[in-house]
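Predicted model, so just to flag it, every value in this text is computed and none were measured. Numbers for residues simply follow the sequence, beginning at 1.
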Amino acid sequence: MNIAKMMKDLQKAQARLQQDIDALEVEASSGGGVVVARMNGKKYLTSLRLSPDAITPDDPGLVQDLVLAAVNEASRKVDAEIQRMTEGLAGGFKLPGMG
């Protein structure tokens with residue numbers, strides 16, 4: 001077993017993962033597409049689109065709720081995608097005595 005090679009391979013995999021996270025973009029919507037939030041892998045909101053249907057003078061709190069829902073869903077999607085990407089990262093790097 002070559003620990004130095006394993007560590008180097010792990011570092012390469014980690015660098016690739018970071019590149020993938022940096023390139024990641026997700027989109028989520030609420031209100032049937034009335035609000036659409038786009039977020040990158042660092043959880044920065046990169047765009048927010050509101051359809052004209054989102055503007056309701058009789059219920060201004062509705063727009064706030066729809067924006068929060070879309071942004072929170074985008075955040076959950078980023079988390080899920082990063083979890084999916086990292087699942088196999090250490091899979092090939094098992095130390096002796098570790099399951």
Within this structure, what is the [atom1]-[atom2] distance for the pair [X] and [Y], rounded to the nearest 0.5 Å?
{"X": "D59", "Y": "Q64", "atom1": "CG", "atom2": "CD", "result": "9.5 Å"}
{"X": "I82", "Y": "E87", "atom1": "CD1", "atom2": "CD", "result": "12.5 Å"}
{"X": "L17", "Y": "K12", "atom1": "CG", "atom2": "NZ", "result": "16.0 Å"}
{"X": "T86", "Y": "D20", "atom1": "OG1", "atom2": "CG", "result": "11.5 Å"}
{"X": "Q14", "Y": "Q19", "atom1": "CD", "atom2": "CD", "result": "12.0 Å"}

Check: Hey, any chance L50 and L68 share a hydrophobic cluster, counting ILVMFWY side chains that come within less than 4.5 Å of each other, even indirectly?
Finding: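 No.
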Give the minimum heavy-atom separation between [X] and [Y], together with the two atoms involved.
{"X": "N40", "Y": "V78", "value": "O-CG2, 3.5 Å"}
{"X": "A74", "Y": "A28", "value": "N-CB, 3.5 Å"}
{"X": "A69", "Y": "R76", "value": "O-NH2, 4.5 Å"}

Notebook entry, point to check: Out of N72, V35, L45, which residue meets the side-chain contact (heavy atoms from CB on, under 4.5 Å) rule with V67?
Noted result: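 Answer to the side-chain contact (heavy atoms from CB on, under 4.5 Å) test with V67 among N72, V35, L45: V35.
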Note to self: Among M6, M7, K5, which residue satisfies the side-chain contact (heavy atoms from CB on, under 4.5 Å) criterion with D9?
What the structure shows: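 When side-chain contact (heavy atoms from CB on, under 4.5 Å) is applied between D9 and each of M6, M7, K5, only K5 qualifies.
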Using side-chain heavy atoms (C-beta onward) and a distance below 4.5 Å, is [X] in contact with [Y]?
{"X": "K43", "Y": "D79", "result": "yes"}
{"X": "E27", "Y": "V36", "result": "yes"}
{"X": "M85", "Y": "L24", "result": "yes"}
{"X": "S75", "Y": "M39", "result": "yes"}

Notebook entry, point to check: Is it the case that Q18 and D22 place a side-chain donor and acceptor less than 3.5 Å from each other?
Noted result: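 Short answer, yes.
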